[in-house]
2 protein chains.
Amino acid sequence: MAKTILVVDDETRLVSVVEAYLEQEGYKVVKASNGREALFAARQEKPDLIILDIMMPEMDGYEFMRLHRKERETPIILLTAKVEDDDKVIGLELGADDYLTKPFRPRELIARVRAVLRRTGIAEPRAQVLREGNITLDRESHFVKVGEDFVDLTPSEFDLLAALLSSPGRAFSRLDLLDRLQGTAFEGYERTIDVHVKNLRAKIEQDPRNPHYIETVYGVGYRFRRE
Amino acid sequence: MAKTILVVDDETRLVSVVEAYLEQEGYKVVKASNGREALFAARQEKPDLIILDIMMPEMDGYEFMRLHRKERETPIILLTAKVEDDDKVIGLELGADDYLTKPFRPRELIARVRAVLRRTGIAEPRAQVLREGNITLDRESHFVKVGEDFVDLTPSEFDLLAALLSSPGRAFSRLDLLDRLQGTAFEGYERTIDVHVKNLRAKIEQDPRNPHYIETVYGVGYRFRRE
DNA sequence: AGGAAATATGAATAAATTATGAAGATTATG
DNA sequence: CATAATCTTCATAATTTATTCATATTTCCT
């Protein structure tokens, strides 16, 4: 059964990005934009993990934690605007399992989610291997194979390939892809994706000038060729 | 056959963590959150070892021990909140085989479990020798060989190498590795791992500046090179 | 075919990550 | 209790990656 994660933050954009990424990883996501909603959602959905912003209107993260802890022991990852020792201390006292400083990258979040779930003995949600054509990507072990050859990719290249490979045949816009790479960080320049694609092609394509796997969708973005 | 360990503690979180570590070591784990449940579970499962918290609601650890001892002689490791001589004395009088003070590190727990099982003549659950390339690591005898040469490692270095060696080719995040070393990565500083890696490389690599065995996976962590 | 728009590419620069040496803190040991 | 060993933290050097930018190439449309 897919693990459920409750994401609580008043920034809807951030929540959306986080949601997309967690869902891609195979988690079920429930959202709330303040402590009150979160309490309600926590009771309804009984999530396996809560990702919680501290600064929120109405009822802040600490208040939520205090109330929630009376009912359940769900592991919690705190989101903090910046590292303040106070926050760390208070969060720790209240029983947070980890914390993350905004802005953060999706990969960083995923790593922490995994770590916390493992630490608290909750199993992985699903196989972490993506395969299409001759390409294998293993998120768990973090390797990419072209045929039988292992290929070293940079983090951006790896995430980019993972995104494309998650839905072969689907065209992703540069904005989509940029979100996967940068998460909640401030907006970048879409063309950055082009460069990553170029570098990625150089590593996995037999003839980078005539790409077989990563196709350009003129006016839209890129897609991974479906067999 | 895998050895069964009964873990008894009212802190479900702690039980989950302990469960995760024991299972990773190849033990089968049964859980209970108070003395009553524990008695029931002990009768049902006939565990090879019991890890028992003293402070629990309903029926505390001492009471459980008294009752359980009438039925079986299962070795018991006690968990105590902090070292109180009284606890130690009472526990050992009642026949506990060892005790552990919270908070404790996974390696500490595992070490004591092994020791108690060995002392009471119960076999180890799985092979304790990891080998890859030119490196041999024996968890049982606690030695490391590079080729034919024995190498002295510190406890952290040993655990780090054991973790990496458990899945050659798999990239481990610093968070993962910190977990293995400290039990809870929340409080630690990830970069500590870098230093252990440096020191470990200095001991097992021919040319530490150009590591052969322990590879850096930029943006992710480290991995042991798969042959 | 011609031109506008989009993409590809190489190279320079900026940013992020890792490696390292050494100091300070902690833990084990006699 | 003192000493040694180990672990952690910190500052900074070295390395790798990400981003930007200028320009070449390709695609699309009429």
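Numbered from 1 within each chain, the chains take letters A, B, ... in sequence-line order. This one's a predicted model, so the numbers in the text were calculated from it and none came from an experiment.
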Between C1' of C:dA19 and CG of B:D207, the distance in whole Å = 14 Å
request  = Mind calculating the distance between CG (B:L177) and P (D:dC7) to the nearest angstrom?
outcome  = 15 Å
ask   = Is any side-chain N or O of B:R191 closer than 4.0 Å to OP1 or OP2 of C:dT17?
value = no
note = Taking for A:E190 and for B:I193 the nucleotide of DNA chain D with the nearest heavy atom, the one nearer the 5' end belongs to B:I193
inquiry  = Need one value for B:T192: base, sugar-phosphate or nothing, where a base atom within 4.0 Å counts as base even if backbone is also close, heavy atoms only.
reply    = base
inquiry  = Please confirm whether the shortest side-chain N or O distance from A:Q182 to OP1 or OP2 of D:dA18 is below 4.0 Å.
reply    = no
task = Whole angstrom is fine here: how far is it from CD in B:E215 over to P in C:dA19?
result = 12 Å
query = Expressed in angstrom and rounded to an integer, what is the separation of A:L181 atom CG from D:dA18 atom P?
reply = 9 Å
key: Whole angstrom value for the distance that separates C1' of C:dT7 from CZ of A:R223   = 15 Å
message = Please confirm whether the shortest side-chain N or O distance from B:S156 to OP1 or OP2 of D:dC7 is below 4.0 Å.
response = yes
inquiry  = From C-beta outward on A:T154, which listed nucleotide comes closest to its side chain: C:dT7, D:dT17, C:dG21?
reply    = D:dT17
message = With a 4.0 Å cutoff (strictly under), does any side-chain N or O of B:Y222 reach OP1 or OP2 of C:dA19?
response = yes
note = Rounded to whole Å, CG of A:N210 lies from P of D:dT26 at a distance of 10 Å
task = Salt-bridge test for A:R174 and A:D194: reply yes if a basic N is under 4.0 Å from a carboxylate O, no otherwise.
result = yes
inquiry  = Classify the ring geometry of A:F150 against A:F143: parallel below 30°, tilted from 30° to 60°, perpendicular beyond 60°.
reply    = perpendicular
ask   = When only distance counts, do a donor and an acceptor, one from the side chain of B:Y189 and one from the base of D:dT9, lie under 3.5 Å apart?
value = no
inquiry  = Measuring from atom CZ of B:R112 to atom CG of B:L78, what distance do you get when rounded to the nearest 0.5 angstrom?
reply    = 11.5 Å
task = Whole angstrom is fine here: how far is it from CG in A:L200 over to P in C:dA8?
result = 12 Å
Atom pair distance, as rounded to whole Å: CG in B:D194 and C1' in C:dA22 = 16 Å
key: Nucleotide nearest B:T216 when distance is taken to its side chain, options C:dT9, D:dA18, C:dA19   = C:dA19
note = Side-chain contact check for B:V195: nearest option of D:dT9, C:dG10, C:dT18 is D:dT9
query = Has B:R170 got its NZ or CZ under 6.0 Å from the middle of the six-membered ring of B:F172, at an angle within 45 degrees of the ring axis?
reply = yes
query = Does B:Y218 or B:K198 map to a spot on DNA chain C nearer the 5' end, using the closest nucleotide for each?
reply = B:Y218
ask   = What's the closest nucleotide to the A:R174 side chain, out of C:dA19, C:dA8, D:dA18?
value = C:dA8
inquiry  = Nearest 0.5 angstrom please: B:I51 CD1 to B:K31 NZ, how far?
reply    = 13.0 Å
ask   = Among C:dA8, D:dT17, D:dT27, which nucleotide sits nearest the side chain of A:P155?
value = D:dT17
ask   = Should A:R209 be listed as having a side-chain N or O under 4.0 Å from OP1 or OP2 of D:dT25?
value = no
request  = Considering only NZ, NE, NH1 and NH2 on the basic side and carboxylate oxygens on the acidic side, decide whether A:D152 and B:R223 come within less than 4.0 Å.
outcome  = yes
query = So, is B:H196 near the phosphate of D:dT6, with a side-chain N or O under 4.0 Å from OP1 or OP2?
reply = no
